[in-house]
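Notes follow the structure.
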Amino acid sequence: MRSKIIFIVSGIGLTLALASAYIAGQQPKPLPPAFNPAANPYSKGIYAQGIIESSQPLGENINIYPEVTGPITEVLVGEGATVHKGDPLLRIDESVQRATVEQLLSQAEAAKTMLAELKAEPRRENLDVVTAQVDNAKASLKNAEDQLAKQERSFSIDPKSVSRDALDNSRNAERIAATNLEVFDKQYALTKAGAWIYDIQNQEKQYIALSKAYASAAALLAKYTIRAPADGVVRSIQATVGSYVSPQGAYDSYTQGMDPLIVMGAPDDNMQVRAYIDEILIDRLADPSKLTAEMFIRGTDKHVTLTFVRMQPFVSPKIELSDERQELVDVRVLPVIFRFASPKNLNVYPGELVDVYVSAK
């Protein structure tokens, strides 16, 4: 009886083991794809990843970096706004630089006024003073000559009528008066001649130097207002009022890196795709004059025909797609740019990743 029970228990265990092995060996059914991947429309097409961007005659987006440092005080546009060349986009705190400009302007104006004063000499009032001094010196000389003449005449009549000492004093007084007249004549000539030419030239140089310093400071002040370098659309603004920015850009708290302060692009009437062709497939590309391509929007069955624009003849690491600053040497790509008209029934935006199939030889 006991052997029979053992046999039955062993059979049950074997059955359970076989059932467990069968269940464990079953493969789970794969989940359906979120979307059907785009099919290659060409018999020998080359697959590439692409990035949608604004249509530019040359280059990519317009990345705007400030040339000065400071906190932002005012943002004058919003993302998606259409702007024209020269329109102000935002302002950086300019209080210190504006005070410097005003100081240099006052110094330049003071130097200009001093230069005008030098060129306007002699001043009428100063000329009147030295003229009066000359007249007074002439009168003093006339008085001294008359006194000397009287004493000499008296001495010639009666030598005892005038002492030798008084006669010498009169003669000395006459010489002093003549010398004073000569000094005042020279002073009159100096005043009438006006400012010395070297003083005027020196003041001119000071005025020019201060004017250029003011112009330089004013030009730097203008850079505290960031303006649109061309007509286009504001794609992104990386900072807001109170953010501190520098010529390196604005700090991105998400990527913990420095980004352009503003990114601008062209209007959305026409856009372009920058397709990255793996370097091992470059030799398979068709002739540029015959190059065609199709763009597929991920997650949909929508596709757009592309028109070849140009190649960027430089194979580089694929950091645009991976955001890695250091790539393996075998992960290098050739950018090929295609253009397309913005579809009315399809939402596409610059920066979006798309699938691109390019015709091959």
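For the single chain, residues carry numbers from 1 onward in sequence order. Treat the numbers as computed from the prediction; the structure is a model and nothing was measured.
Between Glu204 and Lys119 there is a salt bridge, with a side-chain nitrogen of the basic residue lying less than 4.0 Å from a carboxylate oxygen of the acidic one. The pair Asp146-Lys142 meets the salt-bridge criterion, with a side-chain N (NZ, NE, NH1 or NH2) lying under 4.0 Å from an Asp/Glu carboxylate O. A salt bridge links Glu152 to Arg171: at least one charged side-chain nitrogen sits closer than 4.0 Å to a carboxylate oxygen.
Of all heavy-atom pairs spanning Asp185 and Val134, the tightest one is OD1-CG1, 3.3 Å. Tyr244 approaches Pro71 most closely through the heavy-atom pair CD1-N, 3.9 Å. Taking every heavy atom of both residues into account, Met258 and Gly249 meet most closely at CE-O, 3.5 Å. Looking at every heavy atom in both residues, Phe308 comes nearest to Pro288 through CD2-O, 3.6 Å. Smallest separation of non-hydrogen atoms from Val77 and Pro88: CG1-O, 3.9 Å. Considering all non-hydrogen atoms of both residues, Ala275 and Ala48 come closest at CB-CB, 4.3 Å.
A single hydrophobic cluster is seen to contain both Leu281 and Leu285, as judged by linkage of ILVMFWY side chains at heavy-atom distances under 4.5 Å, directly or through other members. Cluster annotation: Leu118 and Leu127 are assigned to distinct hydrophobic clusters (Ile/Leu/Val/Met/Phe/Trp/Tyr, side-chain heavy-atom contacts under 4.5 Å, transitive). No continuous path of hydrophobic side-chain contacts links Leu221 to Ile226 [ILVMFWY only; heavy atoms under 4.5 Å]. Leu291 and Leu334 fall within a single hydrophobic cluster, where Ile, Leu, Val, Met, Phe, Trp and Tyr are joined by side-chain heavy atoms under 4.5 Å apart, directly or via other members. Note on Ile51: it does not cluster hydrophobically with Val309, by side-chain heavy-atom contacts below 4.5 Å among ILVMFWY residues.
Using a 4.5 Å heavy-atom cutoff, the side chains of Val315 and Ile282 are in contact. You'll find the side chain of Gln49 reaches within 4.5 Å of the side chain of Arg298, heavy atoms only. In this structure, the side chains of Val162 and Lys150 stay at 4.5 Å or more apart for every pair of heavy atoms. Residues Asn40 and Tyr47 are not in side-chain contact: their nearest non-hydrogen atoms beyond the backbone lie 4.5 Å or more apart. The shortest side-chain heavy-atom distance between Pro229 and Met264 falls under the 4.5 Å cut-off. Counting heavy atoms from C-beta on, the side chains of Pro247 and Glu67 never come closer than 4.5 Å. Within the 4.5 Å cutoff, the side chain of Met295 has heavy atoms near those of the Phe340 side chain. Looking at Asn180 and Leu141, their side chains never come closer than 4.5 Å, going by heavy atoms from C-beta outward.
Among residues two or more places apart in sequence or in another chain, the side chain to side chain donor-acceptor pair (under 3.5 Å) test is passed with Glu79 by none. In terms of the side chain to side chain contact (heavy atoms under 4.5 Å, CB included) criterion, residue partners of Asn347 (sequence neighbours excluded) are, by chain and number, Tyr349.
Between Thr73 atom OG1 and Glu94 atom CD the span is 7.0 Å, to the nearest 0.5 Å. Between Arg274 atom CZ and Glu53 atom CD the span is 4.0 Å, to the nearest 0.5 Å. Atom CD of Glu109 sits about 9.5 Å away from atom OG of Ser211, to the nearest 0.5 Å. Rounding to the nearest 0.5 Å places CD1 of Ile262 at 4.0 Å from CG of Leu90. Rounding to the nearest 0.5 Å places CD1 of Ile237 at 8.5 Å from CD1 of Ile72. The line from OG1 of Thr225 to CZ of Arg91 is 4.5 Å long, rounded to the nearest 0.5 Å.
Side chain of Asn172 to backbone of Asp168: a donor-acceptor contact under 3.5 angstrom is found. Between the side chain of Glu121 and the backbone N or O of Thr191 there is no donor-acceptor pair closer than 3.5 Å. Judged by distance alone, the side chain of Asp87 and the main-chain N or O of His84 form a donor-acceptor pair under 3.5 Å. Checking side-chain atoms of Asp259 against main-chain N and O of Ala250 turns up no donor-acceptor pair under 3.5 Å. Side-chain N or O atoms of Ser161 include one that pairs as donor or acceptor with a backbone N or O of Ser154 at under 3.5 Å. With Ser216 contributing its side chain and Ala213 its backbone, the two residues share no donor-acceptor pair below 3.5 Å. Looking only at distances, a side-chain donor or acceptor of Ser359 sits under 3.5 Å from a matching main-chain atom of Thr292. Listed for the Ser54 side chain is a donor-acceptor partner under 3.5 Å among the backbone atoms of Ala266.
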Can you list the steps and then say if Leu89 with Ile64 is a side chain to side chain contact (heavy atoms under 4.5 Å, CB included)? CA-CA 11 Å; Leu89 304 178; Ile64 302 176; 3.9 Å; yes
Side chain to side chain contact (heavy atoms under 4.5 Å, CB included) between Met114 and Tyr207: does it pass, once the steps are laid out? CA-CA 9 Å; Met114 179 61 69; Tyr207 169 63; over 6 Å; no
Quick one, Ile297 with Glu352, criterion side chain to side chain contact (heavy atoms under 4.5 Å, CB included). Give me CA distance, side-chain angles, the key distance, then yes/no. CA-CA 9 Å; Ile297 307 301; Glu352 185 176 348; 3.8 Å; yes
Please determine whether side chain to side chain contact (heavy atoms under 4.5 Å, CB included) holds for the pair Lys361 and Arg284, giving the CA-CA distance in whole Å, both sets of side-chain angles, and the decisive distance to 0.1 Å. CA-CA 6 Å; Lys361 292 180 183 178; Arg284 295 176 53 192; 5.6 Å; no
Ser95 and Asp93: side chain to side chain donor-acceptor pair (under 3.5 Å), yes or no, with the steps? CA-CA 6 Å; Ser95 56; Asp93 182 21; 3.3 Å; yes
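In Asp287, the CG atom is crowded: over 12 heavy atoms of neighbouring residues, nucleotides or ligands sit closer than 6.0 Å.
Note: Phe296 and His303 have tilted aromatic rings, judged against thresholds of 30 and 60 degrees for the angle between ring planes.
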